[in-house]
Amino acid sequence: MPGDQAVVRLVNAVVLSKGFPLLSGVNLEVDRGSLSVVTGANGAGKTSLLRLLAGLDSLTSGEGMVAGVNLNGGDLRLLRRRVGWLGHEGSFYADLSARENLEFAARALERPADEVGSALERVGLTHRVDTTTKQLSAGQRRRLGLAWLLVRRPELWLLDEPYASLDDAGRTFFDQLLREVVAAGATVVISAHDPLRSGGISPQHFHMVGGRMRTT
Amino acid sequence: MPGDQAVVRLVNAVVLSKGFPLLSGVNLEVDRGSLSVVTGANGAGKTSLLRLLAGLDSLTSGEGMVAGVNLNGGDLRLLRRRVGWLGHEGSFYADLSARENLEFAARALERPADEVGSALERVGLTHRVDTTTKQLSAGQRRRLGLAWLLVRRPELWLLDEPYASLDDAGRTFFDQLLREVVAAGATVVISAHDPLRSGGISPQHFHMVGGRMRTT
Amino acid sequence: MIKLSQRLLGPVTLVSLALTFWLGLWVTPPDVVQGDLVRLLYVHPPIAWVALYVSFGTATIASCLYLWPRTRSDVMDRVAYCAMEISVVFIALTLITGSIWGRPTWGVWWAWDARLTSTAILGVFALAYLALRRANDDPAVRARRSGVFAILTAINVPIIHFSVQWWKTLHQGASVLTSNGTLNVHGSMLWTMLLGFIGFTLLFFWLLRYRYRLEVKRDFVVATTVDEALALRRREGV
Amino acid sequence: MTRVAWLVAGKDLRIEARSRVLLWQVLPFGVIALLLSGLALGPTHAGNSTAGPGLFYLVTLFVALLMINRSQALENAPGTRASVATLGLDPAGVFLGKALALTVELWITGLVLLGGSVLVLHTSLIGTVHALPSVLVTLAALAAAGTLYGALTQGGDGPATLLPVLTLPAFAPLLIAGERSYSAALHGGALWEWWVIVVVALVAYTAVGILLYGVLEES
Amino acid sequence: MTRVAWLVAGKDLRIEARSRVLLWQVLPFGVIALLLSGLALGPTHAGNSTAGPGLFYLVTLFVALLMINRSQALENAPGTRASVATLGLDPAGVFLGKALALTVELWITGLVLLGGSVLVLHTSLIGTVHALPSVLVTLAALAAAGTLYGALTQGGDGPATLLPVLTLPAFAPLLIAGERSYSAALHGGALWEWWVIVVVALVAYTAVGILLYGVLEES
Ligand code: HEM
Ligand SMILES: Nc1ncnc2c1ncn2[C@@H]1O[C@H](COP(=O)(O)OP(=O)(O)OP(=O)(O)O)[C@@H](O)[C@H]1O
Ligand SMILES: Nc1ncnc2c1ncn2[C@@H]1O[C@H](COP(=O)(O)OP(=O)(O)OP(=O)(O)O)[C@@H](O)[C@H]1O
Ligand SMILES: [Mg+2]
Ligand SMILES: [Mg+2]
């Protein structure tokens with residue numbers, strides 16, 4: 001295969017939902033170990049794109065290859081297992097505590113349980129480990145999402161507006177995390193309205209308009 | 001009453017939820033026609049404070065007077081009718097279209113129906129008026145929230161992280177809206193992690209730590 | 001005066017109940033038809049009376065007082081809650097004593113009888129009330145909701161009462177005071193029964209007082225932990 | 001009050017009309033439940049036409065629970081509650097509007113189920129027609145009570161499961177009265193006392209709703 | 001597969017134990033529904049002990065619907081579905097785990113309801129004890145089928161109302177077989193044929209679940 005380096009390759013990807021084209025023909029190539037930022041006006045299709053890459057929505061037409069899985073007929077579960085997803089909403093069992101949620105993830109992935117404690121510490125939730133997720137504040141839920149990703153350690157990180165509702169310390173931590181992750185060889189695609197703050201890495205920029213990439 | 005000017009006056013306000021103090025003794029005074037920005041780390045209590053001011057949560061102890069309504073035993077419904085609220089979540093009937101949601105609000109408030117069209121136009125949703133709210137993107141839902149407020153025209157605006165998930169054009173529009181609103185004599189309290197961008201007005205800053213205002 | 005009566009409540013309850021049992025078990029004669037079973041007469045009707053009318057009545061009145069803005073106070077909410085809880089106990093006792101009585105007289109523990117069914121439904125109401133309280137944590141919300149629920153229940157009491165009349169009832173009708181006003185039960189039996197009514201009613205109020213105090217204590221414990229929680233919260237992030 | 005009531009009822013019915021849940025899900029459920037109840041009781045009981053009214057009301061009750069829950073869930077989507085609260089709608093109007101919409105929905109379901117029980121349970125058609133007014137009033141009372149109880153359960157833990165616990169004891173007398181008057185219409189017998197109960201219940205629940213719905217919404 | 005099954009079952013039961021919805025809401029609902037069904041049928045039918053098994057299964061069915069819905073709703077909180085999907089759990093394990101947790105919950109409810117029908121509907125105690133194994137197997141089959149159907153309905157419009165429509169026809173044979181074998185245990189009669197049906201249903205639903213749950217989860 002020529003694109004050995006490409007973790008994501010979309011050719012004219014179209015995603016329909018109830019007849020409406022969320023994506024109207026996206027061409028995209030993302031290299032392994034890179035950091036990409038997708039920008040675009042509200043409703044341009046950023047969330048839809050990330051969902052497609054995560055294997056959460058299916059391709060209507062066009063071609064796609066993500067993390068070695070063909071989006072047309074490939075094993076989407078395998079794909080999902082390789083990506084980490086951080087969405088707009090807090091993404092856990094609302095009745096379980098922060099710790100229990102992470103322990104569930106760790107067990108599911110057969111990771112050692114002690115990673116949970118350190119992940120919670122890194123995102124600064126040590127004083128809320130036993131609070132049920134539905135009681136956490138918006139930003140704390142975001143942080144828990146990051147901790148979940150720390151336990152997951154996926155090869156492709158898909159983050160939908162990761163900065164939203166994080167406080168300053170959270171953003172600094174997040175930037176540092178991004179650097180680490182990319183340095184460790186993972187690929188990161190994020191959608192954002194805010195400019196990236198991290199100085200260390202130079203991201204690739206993509207701009208969406210009307211459900212596809214703006215041709216520059 | 002001495003504080004004729006104060007729209008919000010909290011003295012040692014405490015709000016408990018399941019025994020946990022969301023607010024641990026807030027003292028706050030906000031003048032009529034001012035713009036206030038509440039900052040603070042994740043979980044500091046910004047959302048809880050705004051909910052208290054909106055009459056959505058009730059005071060456990062301490063004293064409070066908001067928009068002329070006493071939080072201890074006053075008519076909270078009267079208070080709610082005077083405030084406009086924009087929360088983390090899209091805040092509408094998910095099965096109704098953008099236009100139908102606003103029409104419902106306009107009728108409920110006995111406002112002329114033609115305000116709906118102009119509000120939708122101002123927030124840039126003219127191409128999505130007949131889309132059901134649950135299909136809108138995160139930012140579009142935020143914009144619809146702003147349109148709802150435009151129809152509401154409240155005297156006290158309470159906005160929880162209004163910038164989150166708005167795109168650049170949306171933020172510019174929002175800043176301009178803030179200026180207009182304040183100029184028209186309304187009071188605005190917003191919570192934010194991002195610095196305010198508007199040049200025109202100088203906001204008052206409040207910083208929360210551990211459920212109360214930082215004593216400076 | 002109130003102090004004194006409060007102090008006397010316990011002893012008077014004890015004495016009247018003890019007297020009821022003594023009279024009921026040893027002094028009054030066995031019945032011609034029912035034999036010794038008739039002694040349940042001194043226990044079952046008073047318990048049922050407390051379960052249905054006294055405790056539900058107390059809870060309903062307290063709920064109304066809570067919902068009426070001028071008389072709204074935590075006291076009323078607590079009284080309603082405690083009364084409803086005690087009512088569960090008394091309804092259970094009514095069902096138990098009734099079943100014990102029913103087994104030899106009707107041959108079954110339970111029958112689809114109007115009185116029995118309505119008693120069971122009221123018991124369910126009381127349980128539902130407790131379930132509703134559990135489902136809400138905010139004290140103000142809980143108080144308002146359970147207050148409204150108690151009032152809705154009160155609407156149902158007469159409806160239940162009338163709607164089940166169509167069954168040819170197995171249960172004893174008004175057997176003590178008949179419709180033409182003549183007394184049906186004589187001498188010592190009547191007095192014993194009357195004493196039973198007084199005794200169990202007093203027992204209800206005594207239990208209510210006890211339970212209420214427990215509730216206040218619990219609130220106090222909560223309040224002290226709230227102080228600790230407040231101190232902890234204020235130290236956050238500093 | 002009436003203005004708000006119309007507004008709210010219109011909104012609820014519009015959402016219902018759009019999602020078609022009543023047509024495609026609730027009605028089929030009712031019909032199947034009717035069939036199943038017939039099955040569960042076996043031929044001896046179900047073929048016996050005296051069971052008709054009872055089964056009709058039993059099924060209607062479960063259908064009503066589904067619909068009450070849906071009606072309240074509309075108001076409880078995350079964020080919706082807060083936004084709508086700041087509209088400061090007159091709670092008596094909201095109560096009336098929601099009860100009205102629910103009544104309309106229950107009437108539609110009730111008519112279909114009545115048809116079903118005539119067909120499936122061999123209940124007499126003429127008797128059923130005679131019973132119609134009492135059925136409609138009973139369903140309206142169910143709707144009024146259901147709106148109140150629905151508001152009680154929302155926002156707490158597990159509203160969908162709490163609702164049945166709270167409503168069933170309250171609906172029991174309505175059920176009985178409805179069943180009796182239906183039976184009376186079928187077999188002849190005194191109707192008016194059941195009418196009294198049902199009408200009293202309707203009036204009482206409506207009155208309590210108008211007076212106290214505001215207390216519930218405050219939270 | 002079994003590892004995932006235990007993990008998922010543990011998670012579901014823990015959430016259930018924490019919220020206490022089963023104890024405080026579902027069980028009381030079952031008991032009330034039993035009482036009400038007795039009422040709705042009137043004394044002649046309800047007193048008649050042959051109606052016992054039918055009513056027991058009818059009520060269990062409604063309780064099961066509530067619980068299936070709750071079990072699936074856990075996975076469907078906004079965002080939860082996406083995050084959990086990226087864990088790539090073995091779907092057969094997820095199916096088994098959720099079915100297992102549901103089985104445990106249904107068993108608890110079933111035992112209480114059996115007790116209730118002995119007390120309230122005068123079903124014979126000894127007969128009921130004899131019927132116990134068949135009831136437990138039937139409930140397990142209901143849980144397996146319910147988990148499958150639950151997954152079918154979620155994510156669409158109004159899952160809580162869609163579920164009953166889909167499941168009722170599938171549950172009908174289970175219901176009948178369960179009721180027949182319970183009746184047979186009460187009054188004597190051939191048991192084994194109903195056993196065959198119930199066991200076959202359990203095995204079939206479990207097999208289909210293990211094979212096809214993945215297909216449902218993919219969407
Ligand atoms: C589980 C079974 C039973 C239950 C739930 C039950 C319930 C009640 C209730 C609620 C009352 C109070 C009625 C009122 O004050 O309006 C009552 C009163 C009474 N019960 Fe029962 N009962 C049961 C069985 C029996 C049996 C078996 C007998 C005797 C054969 C009996 C004899 C009485 C009598 C004599 C009264 C007083 C009636 C009067 O004077 O108005 N009960 N019962
Ligand atoms: N059925 C539909 N009819 C019309 N438009 C639809 C329909 N479903 C989705 N859409 C539109 O599809 C787009 C989806 O965009 P998406 O959520 O991917 O945007 P986004 O780039 O993430 O925006 P944001 O910055 O606001 O998060 C929105 O513009 C939405 O209005
Ligand atoms: N039962 C509970 N036990 C422990 N902590 C709780 C409980 N309920 C709420 N909290 C905490 O209360 C705080 C609520 O904060 P709030 O939502 O007001 O924060 P915020 O300032 O808006 O934060 P963000 O910037 O993340 O939106 C959080 O720290 C949350 O963890
Ligand atoms: Mg988006
Ligand atoms: Mg917040």
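So that the names make sense, note that chain A is the first sequence line, chain B the second, and so on, each numbered from 1. Computed from a predicted structure; not experimentally measured.
Using modelled atom types and a 3.5 Å distance limit, the side chains of B/Y93 and D/D12 yield no donor-acceptor pair. Using modelled atom types, one finds a donor on one side chain and an acceptor on the other under 3.5 Å when comparing D/S19 with D/R70.
Neither the backbone nor the side chain of B/A94 comes within contact range of chain D, judged by heavy atoms closer than 4.5 Å. The contact between B/L109 and chain D is made entirely by side chain atoms (from C-beta outward), counting heavy-atom distances below 4.5 Å. For B/R152, the part lying near chain D is the side chain, with the backbone staying farther off; criterion is any non-hydrogen pair under 4.5 Å.
For the pair D/T80 (side chain) and D/N76 (backbone), a donor-acceptor distance under 3.5 Å is absent. Within the 3.5 Å criterion, the main-chain N or O of D/L136 finds a donor-acceptor partner in the side chain of D/W107.
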